[in-house]
Structures are given as C-alpha cells and as structure tokens.
Amino acid sequence: RSCVYLDRKHTVFGRVVGGFETLTAMENVDADPKTDRPSEDIRIKGVTVFVDPYEEADIQVAKEREKAQKEEEEEKAKLKPILPRSEASLAPKTYRQGVGKYINMTTTKIGRA
C-alpha cells in the first residue's frame, strides 16, 4: 500500500520475496500515534540475500568514474599547459654588449633627416 507521508523520509533497501507472515506481524504491532514508533522493539534476527546488489552498484560506479575521468581529461586538454620557465628564459634577451644591449636594432626604425 502507498504511504505518501513516508516519502522523502525513509529509504527502501530491500524487497520481501517470502515470509510475509513475519512482515504482517511487524505491521500489526501497536504504535504510539504521536511518534509512530512501535510500543515493542522489533528486532530482525536474520535475513537472506538472494541477489548481491553491490555487483550492479559497482558497475554503475565504475561507469560514472570513467565518465568523470574522461571529462576531466578533455577539460585538461582544452587548457594550454603552462610550462615553468627556466632561469635562462626569465632573463631578457641581449642583442649586443654595453649600453642598449636589450634593443634589437634590426627592428628599430631610424629616421633620417
């Protein structure tokens, strides 16, 4: 039966495939109307798992991780790598000795009067 008042408050974590009389007995325990808690403690002593749900979850998680890794690699490929400069490349280029050694005379226009 549908229990709308439990939506977004509880999680379904299994399915009963046998032993419905046990489930019916748990449902028939008197409960406090204010808190909706059973008046007697209900303890589940044992369960049997027929299908391993973690196999499917592991496959799904692996696919999600692979997809995220591909997206991350694509994003890294889009960005230009910034290589660290060596000490030689940090120094300005010199074109000759003495005063004005940093001026490239081949690209400088000298006006003649």
Determine whether more than 12 heavy atoms belonging to other residues, nucleotides or ligands lie under 6.0 Å from atom CD of Glu73. yes

Does Val29 have any side-chain contact (heavy atoms from CB on, under 4.5 Å) partners at least two apart in sequence or in another chain, and if so, which? Pro38, Ser39, Glu40, Ile42

Taking only residues two or more places apart in sequence, or in another chain, which ones meet Thr94 in a side-chain contact (heavy atoms from CB on, under 4.5 Å)? Lys101, Tyr102

By salt bridge (Lys or Arg N to Asp or Glu O under 4.0 Å) - contacts of Lys70 (at least two apart): Glu66

Are Arg43 and Asp41 side-chain neighbours, meaning at least one heavy-atom pair lies under 4.5 Å? yes

For Thr35, what residues pass the side-chain contact (heavy atoms from CB on, under 4.5 Å) criterion, not counting sequence neighbours? Asp32, Arg37

Keeping the roles fixed (side chain from Arg96, backbone from Ile103), state whether a donor-acceptor pair exists under 3.5 Å. yes

Hits for salt bridge (Lys or Arg N to Asp or Glu O under 4.0 Å) against Glu72, two or more places apart or cross-chain, chain-then-number order -> Lys76

Among Gln69, Arg65, Glu71, find the one that has a side-chain contact (heavy atoms from CB on, under 4.5 Å) with Lys67. Glu71

